[in-house]
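Note sheet for the following structure.
Residue numbering restarts at 1 for every chain, and letters A, B, ... go by the order of the sequence lines.
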Amino acid sequence: ETGVTQTPRHLVMGMTNKKSLKCEQHLGHNAMYWYKQSAKKPLELMFVYSLEERVENNSVPSRFSPECPNSSHLFLHLHTLQPEDSALYLCASSQDGDRDIMGSYNEQFFGPGTRLTVL
Amino acid sequence: AQKITQTQPGMFVQEKEAVTLDCTYDTSDPSYGLFWYKQPSSGEMIFLIYQGSYDQQNATEGRYSLNFQKARKSANLVISASQLGDSAMYFCAMREGYNQAGTALIFGKGTTLSVSS
């Protein structure tokens with residue numbers, strides 16, 4: 001596997017279900033992010049982890065719970081979601097703190113996303 | 001106030017023509033980075049080009065170039081010789097605080113580019 005992978009790619013769940021989204025980065029980066037992309041809205045930052053510590057929680061409802069067990073893995077645990085939570089959830093990673101490592105500009109590399117539908 | 005503004009919801013261009021996608025930004029931080037990403041219908045965000053606030057020259061990457069006008073706070077993306085595969089959503093994004101760990105990107109609403117033959 002290369003880059004950033006996300007599983008599952010598609011998820012349909014009821015409002016009472018509990019599910020988890022998984023993100024894995026194979027780039028040796030030290031920061032990982034969860035974004036939410038709803039129809040016709042800009043990408044919204046949800047959570048940022050840098051060196052496995054949560055740096056930012058952008059006022060996200062508690063029904064979303066992130067977990068970062070190590071620098072390569074990021075989870076988003078979902079419970080009692082609402083239909084308006086249906087969206088594309090994107091994970092990203094970056095190598096922060098050092099510019100021009102292997103020509104990088106600290107750009108964020110994104111996974112393919114999980115398309116979530118809440119019924 | 002919006003940090004990143006993309007005023008063109010949709011743009012149409014013919015194959016082989018050049019197209020400019022607009023982006024203006026708002027920040028008081030002297031150190032920042034500007035990014036353009038492409039999002040095809042598959043959903044994945046693909047990094048295209050980067051411009052740092054202290055970079056003296058406009059960034060170029062193949063057919064992509066960034067028209068950086070710092071005084072106007074604009075960072076327009078120019079795609080030369082458009083191809084059918086360029087049809088996608090394009091996002092302008094900004095990172096404030098150069099090289100600070102865990103600093104997230106702020107995205108604009110995006111512009112949908114449609115390339116026709």
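No more than 12 heavy atoms of other residues, nucleotides or ligands lie within 6.0 Å of CD in B:Q57, so this atom counts as exposed by the packing criterion. Enclosure of atom NZ in A:K19 is not indicated, since only 12 or fewer non-hydrogen atoms of other residues, nucleotides or ligands lie within 6.0 angstrom. The number of heavy-atom neighbours closer than 6.0 Å to NZ of A:K18, taken from other residues, nucleotides and ligands shown, is 12 or below. Residue A:E84 qualifies as enclosed at atom CD: its count of foreign heavy atoms under 6.0 Å is above 12.
Tracing side-chain contacts under 4.5 Å through hydrophobic residues (I, L, V, M, F, W, Y), one never reaches B:F12 starting from B:L84; they form parts of separate clusters. Placement of B:I49 and B:V13 within a single hydrophobic cluster is found when ILVMFWY residues are connected by side-chain heavy-atom separations under 4.5 Å, directly or transitively. No continuous path of ILVMFWY side-chain contacts below 4.5 Å connects B:L77 to B:I46, so the two sit in separate hydrophobic clusters.
Proximity of a side-chain donor or acceptor of A:Y33 to a complementary backbone N or O of B:L105 within less than 3.5 Å is not detected.
For B:Q6, no part sits under 4.5 Å from any heavy atom of chain A, backbone or side chain. Contact of A:R9 with chain B is made through the side chain alone, with heavy-atom distances under 4.5 Å. At a 4.5 Å heavy-atom cutoff, the contact between A:L45 and chain B is made by side-chain atoms alone. Only the side chain of A:Q37 comes within less than 4.5 Å of a heavy atom in chain B; its backbone stays farther off.
In this structure, the side chains of A:E107 and B:F35 come closer than 4.5 Å at one or more pairs of heavy atoms. Here the side chains of B:Q39 and A:L88 are in contact, with some heavy-atom distance below 4.5 Å.
The six-membered or imidazole ring of B:F107 lies near that of A:Y35, with a centre-to-centre distance under 6.0 Å.
Distance check, rounded to the nearest 0.5 Å: SG of A:C91 to CE of B:M45 gives 13.0 Å.
B:K109 approaches A:P42 most closely through the heavy-atom pair CG-CG, 3.4 Å.
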